[in-house]
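Quick notes on the structure that follows.
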Amino acid sequence: MTHRRLAPFIVPYTRFELPGWGRLFAWIGGSDDSAWADATSRTCRGKWHGYRMELRLSNWSERQTYFLGRYYDLPAQLVLRRYLKPGDRLVDVGANIGMITLLAARLVAPAGAVDAVEPNPECCARLDRCLELNAIRHVRVHRVGFADRAMQLTLSVVTSHSGLGTLAGVPESDQHLVSAHFTVQVVRGDEVIEADAAPVTAIKIDVEGFECHALRGMARTLARWHPLVITEVVPAWLQRAQSKPLELFDLMHGHEYRGYALSTRRNFVRHRLRLTPVADPTGLTVNDVLWLHPQDPRHSVLSPFMA
């Protein structure tokens, strides 16, 4: 039994992220997709960026965003909040409906820019509506995927969650989970990025296993600007794209980047970022890795969080 009807009463508690909010969220059935299958959309204002977001409560990640007032993926957001400044430029590869894009848009405003890269047309439509709703003019939506060469590929959405869209092949055993297919254009990232001469400060890549392909297509960007990079490292998803975690690490090491496993620790009501040096993927226990270049002049702002 869930207590979904009590959800409005616990929102103030969960948005402050007070101790035990997760258990309270579970108690009202927040983690039970079946209990929210018929839920409608709600609009809320992000507590970290102040923009209004239209969220589908039937979707588990958007539901959690509604209750927290922020995107659920915490470590990457803490990095960007610490690192990005007004006037910076972020490239959000795999922008989905714009959760990281919105935070970055607030952080780099008013003179900065965000390039939101997303091949899923349904996600782009939602992102367009969000940008219009908030009168955001410094975000550019690129309706393509990034790879190491131009081509057309099939984007498969695994389950009904748009964040699980992948350009990699989906094994036969998982085909029953695919809810949609789209034929999309894929390009070298450098070609899109270099259309604007402004330096790239940071890149976030969340492409469900296609990370190595996307990174190879941004080789000139990495070599020229040495931006901070955040990537997912999920072995099963990389394998779909005929890649491996070691390949990703070798690729970044070839650009002289150093990796840090991204995590957090809690101190009562506050979350503190933790960056743990990681030289290879053996034994990696988190899904996100931060990559910093030794020539990055802003490297020191993250030093207090390094284990």
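A quick note: this is a predicted structure, and the numbers were derived from the prediction, not measured. Numbers here simply count residues along the sequence, with the first being 1.
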ask   = Is E17 salt-bridged to K47, going by a charged N under 4.0 Å from an acidic O?
value = yes
query = So, the side chain of T264 versus the backbone of P75: is there a donor-acceptor pair under 3.5 Å, distance only?
reply = no
message = With heavy-atom distances below 4.5 Å as the criterion, would you say the side chains of E54 and C130 are in contact?
response = no
ask   = Would you say the side chain of N134 lies within less than 4.5 Å of the side chain of I136, judging by non-hydrogen atoms?
value = yes
ask   = Counting only heavy atoms not in E172, do more than 12 fall under 6.0 Å of its CD?
value = no
ask   = Between L155 and P119, is any pair of side-chain heavy atoms under 4.5 Å apart?
value = yes
inquiry  = Checking the side chain of D190 only, and the main-chain atoms of T221 only, is there a donor and an acceptor separated by less than 3.5 Å?
reply    = yes
remark   = One should read off an interatomic distance between D280 CG and L246 CG, to the nearest 0.5 angstrom, of 7.5 Å
note = Sequence neighbours excluded, the answer for side-chain hydrogen bond (donor to acceptor under 3.5 Å, both in side chains) partners of D250 is none
key: Residues R137 and E132 bridged, charged N to O under 4.0 Å   = yes
task = Look up atom CG in L57 and atom OG1 in T65, then write down how far apart they are to the nearest 0.5 Å.
result = 10.5 Å
note = Between the CG atom in L290 and the OG atom in S263, the distance rounded to the nearest 0.5 Å is 11.0 Å
request  = List the steps, then state whether side chain to side chain contact (heavy atoms under 4.5 Å, CB included) holds for I205 with I230.
outcome  = CA-CA 6 Å; I205 308 177; I230 298 173; over 6 Å; no
request  = For residues 79-108, pull every pair meeting ring pair (Phe, Tyr, Trp, His ring centres under 6.0 Å), keeping only residues two or more places apart or in separate chains.
outcome  = none
message = Looking at R15, I'd like to know if its CZ atom is crowded, meaning that more than 12 non-hydrogen atoms belonging to other residues, nucleotides or ligands lie closer than 6.0 Å.
response = yes
query = Is atom CD of E247 surrounded by more than 12 heavy atoms (other residues, nucleotides or ligands) closer than 6.0 Å?
reply = yes
R270 CZ: over 12 foreign heavy atoms closer than 6.0 Å = no
task = Please confirm whether the backbone N or O of M151 pairs with a side-chain atom of Q185, one donor and one acceptor, at under 3.5 Å?
result = yes
query = Under 30°, 30 to 60°, or over 60°: which ring-plane class applies to H213 and F210, parallel, tilted or perpendicular?
reply = parallel
inquiry  = Which residues pass the ring pair (Phe, Tyr, Trp, His ring centres under 6.0 Å) test with Y66, not counting sequence neighbours?
reply    = none
ask   = Taking Q175 for the side chain and V170 for the main chain, is one N or O donor matched with an acceptor at less than 3.5 Å?
value = yes
request  = Would you mind reporting whether L102 and I100 have side-chain heavy atoms less than 4.5 Å apart?
outcome  = no
task = Measure from the side-chain N and O atoms of D174 to the backbone N and O of L177, and report whether any donor-acceptor pair falls under 3.5 Å.
result = no
task = Applying ring pair (Phe, Tyr, Trp, His ring centres under 6.0 Å), name anything that partners W225, two or more places apart in sequence or on another chain.
result = none
ask   = Is there a donor-acceptor pair under 3.5 Å between the side chain of R224 and the backbone N or O of V200?
value = no
key: F305: ring pair (Phe, Tyr, Trp, His ring centres under 6.0 Å) partners, not counting sequence neighbours   = none
Donor-acceptor under 3.5 Å (Y13 side chain, P19 main chain) = yes
query = Under 4.0 Å between a Lys/Arg side-chain N and an Asp/Glu carboxylate O for E118 and R143?
reply = no
ask   = Is a side-chain N or O of H138 found less than 3.5 angstrom from the main chain of A105, in a donor-acceptor match?
value = yes
query = Salt bridge between R188 and E194, side-chain N to carboxylate O under 4.0 Å?
reply = no
query = Is it true that R298 and D88 make a salt bridge, defined as a side-chain N closer than 4.0 Å to a carboxylate O?
reply = yes
message = Pair D73, D288 - check side chain to side chain contact (heavy atoms under 4.5 Å, CB included), show working.
response = CA-CA 10 Å; D73 189 1; D288 293 324; 3.5 Å; yes
message = Is the shortest side-chain heavy-atom distance between D92 and D115 below 4.5 Å?
response = no
request  = With R106 as the cation and W48 as the aromatic partner, state whether NZ or CZ is under 6.0 Å from the six-membered ring centre and within 45° of the axis.
outcome  = no
query = Looking at OG of S300 and CE of M306, how far apart are the two atoms once the value is rounded to the nearest 0.5 Å?
reply = 9.0 Å
ask   = Checking side chain to side chain donor-acceptor pair (under 3.5 Å) for the pair H181/S156: CA distance, chi angles, key distance, verdict?
value = CA-CA 5 Å; H181 294 286; S156 302; 3.3 Å; yes
query = Is E191 salt-bridged to R220, going by a charged N under 4.0 Å from an acidic O?
reply = yes
key: Electrostatic pair K204:E232 at N-O distance under 4.0 angstrom   = no
ask   = What residues form a ring pair (Phe, Tyr, Trp, His ring centres under 6.0 Å) with H293, not counting sequence neighbours?
value = H226, Y257
key: Any I203 side-chain heavy atom under 4.5 Å of L228 side chain   = no
message = Could you measure the distance from the CD1 atom of I28 to the CZ atom of R5? Nearest 0.5 Å is fine.
response = 11.0 Å
ask   = Taking the six-membered ring for Trp, is the centroid-to-centroid distance between W60 and Y72 below 6.0 Å?
value = yes
query = Is a side-chain donor or acceptor of R240 paired with a backbone partner of G169 at a separation under 3.5 angstrom?
reply = no
ask   = Is the shortest distance from a Lys or Arg side-chain nitrogen in D32 or R4 to a carboxylate oxygen in the other one below 4.0 Å?
value = no
task = Kindly work out whether a path of hydrophobic side-chain contacts (I/L/V/M/F/W/Y, heavy atoms less than 4.5 Å apart) joins F146 to W237.
result = no
query = Just wondering, do W21 and I10 contact through their side chains at under 4.5 Å, heavy atoms?
reply = no
key: Test item: R70 and L74 side chains (from C-beta on) under 4.5 Å apart, heavy atoms   = yes
message = Apply side chain to side chain donor-acceptor pair (under 3.5 Å) to residues T231 and W291 and explain how you reach the verdict.
response = CA-CA 8 Å; T231 67; W291 301 95; 3.0 Å; yes
